[in-house]
Amino acid sequence: MSILKLRPACKEYLWGGNKLIRDFHKQYEGEKLAETWELSCHPDGPSVVANGSWAGASLAEYLESAGTEALGKNCRRFEEFPILIKFIDAKDDLSIQVHPDNSYALKNEGQYGKTEMWYIVDCKEGAFLYYGFAKEIEREEFQRRIEDNTLLEVLNKVSVQKGDVLLIEAGTIHAIGKDIVIAEIQQNSNVTYRVYDYGRVDGEGRQRDLHIEKALAVTNRIPLVRNKPVSPHLAKCDYFTVDKLNLDGRMLKKAGGTVSEDSFAHFLIVEGQGTIACGGGTVDFEKGDSLFLPAGSGEFQVEGECEALITTIGEKANPIRIAVDMTSRQIQAGLIDMNHVCFEKREMAVEPGEDYRITVRKIGAAIMEMLEKNDLKVDHCIGIGAGLPGTVDRKKGRVIYSNNIGWENVPFVKELQKYVPLPIYINNNANCIALGEMVKGAARKYVNTVLLTVGNGIGGSIILDGEIFEGRMPGGSELGHMSIQMDGPVCTCGRRGCLETYASIPALLKDAKEAMARNKDSALWEVCPGDWEKLTEDMIVGAARGKDRTAEEVIYRYIRSLCTGITNITNIFRPDLVLLSGNLFSQNEYLLEEIHSFIEKECFGRHGTGVPEIKAVKDSKNAGLTGAANLI
């Protein structure tokens with residue numbers, strides 16, 4: 001079923017009327033019906049599927065089964081269902097109120113803020129609403145006027161008529177006036193700060209709560225210019241796009257379009273009746289109906305005499321992505337623009353044995369510092385992508401196990417959202433480097449690639465047919481923990497003879513120091529005189545290229561061990577390219593030639609099929625950030 005007809009959640013408030021029952025065919029037993037939540041996955045009022053095999057289930061239950069594909073690609077930047085659509089019947093004046101933006105609401109309310117759009121479905125002559133301030137006022141005057149009941153004197157009073165549109169951005173003080181029926185498209189939030197309610201009381205004689213301190217904190221006190229329709233749309237913002245469909249039943253009886261994989265489409269029927277056909281199914285509709293078409297539903301056709309609002313989710317304009325790339329040694333955090341350019345970056349050391357809460361707090365502080373420096377709000381960003389070391393459960397947002405930093409069952413996403421309230425996507429850091437190289441690096445022209453990250457440990461990523469292979473279980477590819485010597489040394493993972501124990505940088509340094517201890521005449525003593533703890537991998541390579549026999553033997557053993565792993569991987573996956581990430585390879589090109597020569601001799605079927613190319617990740621400092629940003 002490509003067309004879901006929805007039944008709304010009904011809300012009775014003291015200012016409501018009966019038009020939604022009388023004119024919009026809402027089934028409700030009470031005398032007043034103030035709001036109907038027509039498209040909602042909000043727990044305070046979910047809408048319910050009314051037709052087909054999902055009849056009786058909530059929209060949220062349907063989407064949980066259908067998967068994120070039903071929402072569309074443009075919804076990936078949202079942690080939850082992005083919008084809420086209502087009919088509102090204001091028989092009386094609504095309270096003067098304001099909604100916070102995402103940053104404030106997530107920090108103080110645990111849910112997103114609210115930008116909304118009003119479409120005037122019907123109203124009496126002379127109807128009006130309040131929209132912003134008539135003049136700029138100071139915070140002190142705002143507070144005083146709330147307290148002495150003179151706030152209405154400085155509000156912008158706007159006359160309205162049927163078909164008018166207003167975009168109410170977060171921070172805008174506003175109120176719907178009496179005798180107006182509105183279609184409201186808003187962010188999926190139920191956060192409202194009430195500042196004035198005309199002294200009204202409910203049926204039990206109690207006044208409704210006001211939220212003055214919070215309203216003072218979030219309200220924009222500068223007069224607004226009324227938003228004009230964004231041609232060809234009724235309204236367009238980062239959260240939703242709204243278009244209007246008019247069929248007069250005479251000159252124009254049919255109209256069609258396509259629901260692409262980018263976004264679902266919601267049809268709110270504000271007048272008339274007709275039919276909609278899509279995906280082999282046809283559904284009748286009338287005034288007041290709510291219809292949901294999942295993303296990728298394809299072509300649709302509407303026929304009849306009707307007026308409808310069509311809501312979709314567009315791409316965020318000029319999106320900024322936050323990226324985190326963490327290894328066992330270092331953390332990088334960066335701001336990435338739409339062209340994959342990192343225009344601001346912070347680097348932090350990973351302290352041995354540091355509690356994960358302290359580490360995540362440092363990451364959060366670095367992110368907020370970068371945003372502040374660039375005069376950006378959290379709202380300018382579409383999310384955070386983080387590449388993390390070890391076994392990562394991206395669906396649950398946890399690091400299951402990371403032996404080199406001592407993390408186990410770390411709730412990374414939940415912890416970071418305490419400091420930066422955005423959707424967060426995580427994956428293994430090697431997968432992120434591979435993804436970064438696919439986007440703008442050495443792997444752009446290859447369909448099948450294997451990446452090995454060589455540092456304190458060895459990470460791995462496998463790209464098959466252009467997609468990162470993750471397997472059935474969480475964690476991805478742990479290529480560094482294949483055993484290349486069954487009775488070899490014990491790895492930090494507990495197994496013996498893992499590739500990591502032979503081909504990581506600590507393994508290379510350990511072998512070199514042991515070789516130096518056996519041979520006091522080695523040139524390695526000259527490059528780090530007096531303190532072999534200062535020995536680096538570059539010093540070893542330099543001595544080997546200078547024909548120092550001890551260094552040559554160390555490099556030979558290292559390459560032999562690494563290539564044993566590469567050969568095993570090649571024999572299994574038959575990649576077009578093997579990418580090596582780490583300073584050892586990006587700064588020592590000749591090692592790549594040695595590795596290629598080795599696997600040419602060892603790979604199965606090398607004479608008939610050839611061997612993969614061997615390349616280094618050139619921009620290893622930014623590849624992980626680029627890939628992490630593209631998790632979003």
Taking the side chain as every heavy atom from C-beta outward, state whether Val160 and Leu129 have any atom pair closer than 4.5 Å. yes
Here the pair of heavy atoms bringing Glu437 nearest to Ala442 is OE1-N, 2.9 Å
Of the non-hydrogen atoms in Val98 and Gly171, which two are nearest, and what is the gap between them? CG2-C, 3.6 Å
Flag if over 12 foreign heavy atoms under 6.0 Å of CD, Glu286: yes
For Val48 against Ala57, the heavy-atom pair lying closest together: CG1-O, 3.3 Å
With side chains defined as the heavy atoms from C-beta onward, is the minimum distance between Tyr112 and Asn188 less than 4.5 Å? no
Rounded to the nearest 0.5 angstrom, the CG-CD1 distance for Leu416 and Ile426 is 10.0 Å
Please examine the side chains of Val378 and Leu371, heavy atoms only from C-beta on, and report whether any two atoms are closer than 4.5 Å. yes
In terms of side-chain geometry, is the basic nitrogen of Lys253 or Glu303 positioned less than 4.0 Å from the acidic oxygen of its partner? no
Residue pair Asp284, Thr275: steps toward the side-chain hydrogen bond (donor to acceptor under 3.5 Å, both in side chains) verdict: CA-CA 4 Å; Asp284 296 329; Thr275 62; 5.3 Å; no
Answer yes if the side chains of Gln332 and Asn622 hold a donor-acceptor pair under 3.5 Å, and no otherwise. no
Taking all atoms of both residues into account, what is the closest heavy-atom pair of Pro319 and Ile382, and its distance? CB-CG2, 3.7 Å
Would you please classify the geometry between the Phe87 ring and the Phe24 ring as parallel, tilted or perpendicular, with 30° and 60° separating the classes? tilted
Evaluation steps, side chain to side chain contact (heavy atoms under 4.5 Å, CB included), between Trp37 and Asn190: CA-CA 11 Å; Trp37 292 17; Asn190 200 25; 3.9 Å; yes
Expected output: side-chain Asn102 to main-chain Ala105 donor-acceptor under 3.5 Å: no
Under a 4.0 Å N-O cut-off, is there an ion pair linking Glu184 with Lys86? yes
Minimum heavy-atom separation for Ala629 to Ile336, with atom names? CB-CG1, 3.7 Å
Supply the atom-to-atom distance Asp337 CG to Asn339 CG, rounded to the nearest 0.5 angstrom. 5.0 Å
Walk me through whether Tyr239 and Gln187 qualify under side chain to side chain contact (heavy atoms under 4.5 Å, CB included). CA-CA 7 Å; Tyr239 307 106; Gln187 284 181 261; 3.4 Å; yes
Out of curiosity, Ile185 CD1 to Met117 CE, how far, rounded to the nearest 0.5 Å? 3.5 Å
Between Lys316 and Asp238, does any NZ, NE, NH1 or NH2 come within less than 4.0 Å of an OD or OE carboxylate oxygen? yes
Rounded to the nearest 0.5 Å, what separation is found between the CD atom of Gln417 and the CD1 atom of Ile384? 7.5 Å
Within the 4.5 Å heavy-atom criterion, are Thr282 and Ile276 side-chain neighbours or not? no
Distance-only donor-acceptor check, side chains His99 and Thr115, under 3.5 Å: no
Do Thr68 and Cys75 have side chains that get closer than 4.5 Å, going by heavy atoms? no
Just do the side-chain hydrogen bond (donor to acceptor under 3.5 Å, both in side chains) check on Thr36 and Glu38 with the steps written out, would you? CA-CA 6 Å; Thr36 54; Glu38 301 291 338; 2.6 Å; yes
With heavy-atom distances below 4.5 Å as the criterion, would you say the side chains of Ile322 and Leu335 are in contact? yes
Apply side chain to side chain contact (heavy atoms under 4.5 Å, CB included) to Asp243 and Leu309, showing your working. CA-CA 6 Å; Asp243 296 285; Leu309 302 182; over 6 Å; no
So does Lys345 have more than 12 non-hydrogen atoms from other groups sitting under 6.0 Å from NZ? yes
Looking at Asn431 and Asn427, would you say the former's side chain and the latter's main chain have a donor-acceptor pair under 3.5 Å? no
Between Glu169 and Lys114, is there a salt bridge with N-O shorter than 4.0 Å? no
Once rounded to the nearest 0.5 Å, what's the spacing between atom CD1 of Ile176 and atom CD1 of Ile88? 4.0 Å
Check the surroundings of atom CD in Glu109: do more than 12 heavy atoms from other residues, nucleotides or ligands lie under 6.0 Å from it? yes
For the pair Phe469 and Phe573, name the ring-plane relationship: parallel under 30°, tilted 30 to 60°, perpendicular over 60°. tilted
What distance separates His42 NE2 from Leu84 CG, expressed to the nearest 0.5 Å? 7.0 Å
Identify the residue among Tyr130, Trp118, Tyr193, Tyr131 that makes a ring pair (Phe, Tyr, Trp, His ring centres under 6.0 Å) with His174. Trp118
Is a side-chain donor-acceptor pair under 3.5 Å present for Glu12 with Tyr28? yes
Do Asn51 side-chain atoms and Leu4 backbone N/O form a donor-acceptor pair below 3.5 Å? no
Evaluate whether atom CD of Gln301 has more than 12 neighbouring non-hydrogen atoms of other residues, nucleotides or ligands under 6.0 angstrom away. yes
Tell me whether Ser263 contacts the main-chain N or O of Ile313 through its side chain, where contact means a donor paired with an acceptor under 3.5 Å. yes
For the aromatic rings, using the six-membered ring if either is Trp, is the centroid distance between Phe267 and Phe285 under 6.0 Å? no
Using a strict threshold of under 4.0 Å (side-chain N to carboxylate O), is an ion pair present between Lys162 and Glu271? yes
Is the backbone of Lys395 close enough, under 3.5 Å, to the side chain of Asp393 for a donor and an acceptor to pair up by distance? yes
Any sub-3.5 Å donor-acceptor pair from Asn429's side-chain atoms to Met326's backbone N or O? yes
Parallel, tilted or perpendicular, judged at 30° and 60°: which one describes the rings of Phe81 and Phe264? parallel
For a 4.5 angstrom cut-off between non-hydrogen side-chain atoms, does Leu33 reach Asp89? no
For the pair Thr172 (side chain) and Gly132 (backbone), establish whether a donor and an acceptor sit closer than 3.5 Å, ignoring hydrogens and angles. no
I'd like to know if the side chain of Ser189 reaches the main chain of Val191, judged simply by a donor and an acceptor atom lying under 3.5 Å from each other, with no hydrogens or angles considered. yes
I'd like to know whether CD of Glu299 has more than 12 heavy-atom contacts from other residues, nucleotides or ligands below 6.0 angstrom. no
Is there side-chain contact between Lys178 and Lys124, with at least one heavy-atom pair below 4.5 Å? no
With salt bridge (charged side-chain N to carboxylate O under 4.0 Å, His left out) as the criterion, how do Asp23 and Lys287 come out once you've worked through the C-alpha distance, each side chain's angles and the decisive distance to 0.1 Å? CA-CA 8 Å; Asp23 301 336; Lys287 182 177 180 178; 5.3 Å; no
Does a donor on one side chain sit under 3.5 Å from an acceptor on the other, for Asn74 and Asp262? no
For the residue pair Tyr13 and Trp15, categorise the inter-ring angle as parallel (less than 30°), tilted (30 to 60°) or perpendicular (more than 60°). tilted
Taking all non-hydrogen atoms of both residues into account, name the closest pair between Val617 and Ala623 and its distance. CG1-CB, 3.9 Å
Using side chain to side chain contact (heavy atoms under 4.5 Å, CB included), reason through Ile180 and Asp122 one step at a time and then give a plain yes or no. CA-CA 6 Å; Ile180 302 175; Asp122 196 12; over 6 Å; no
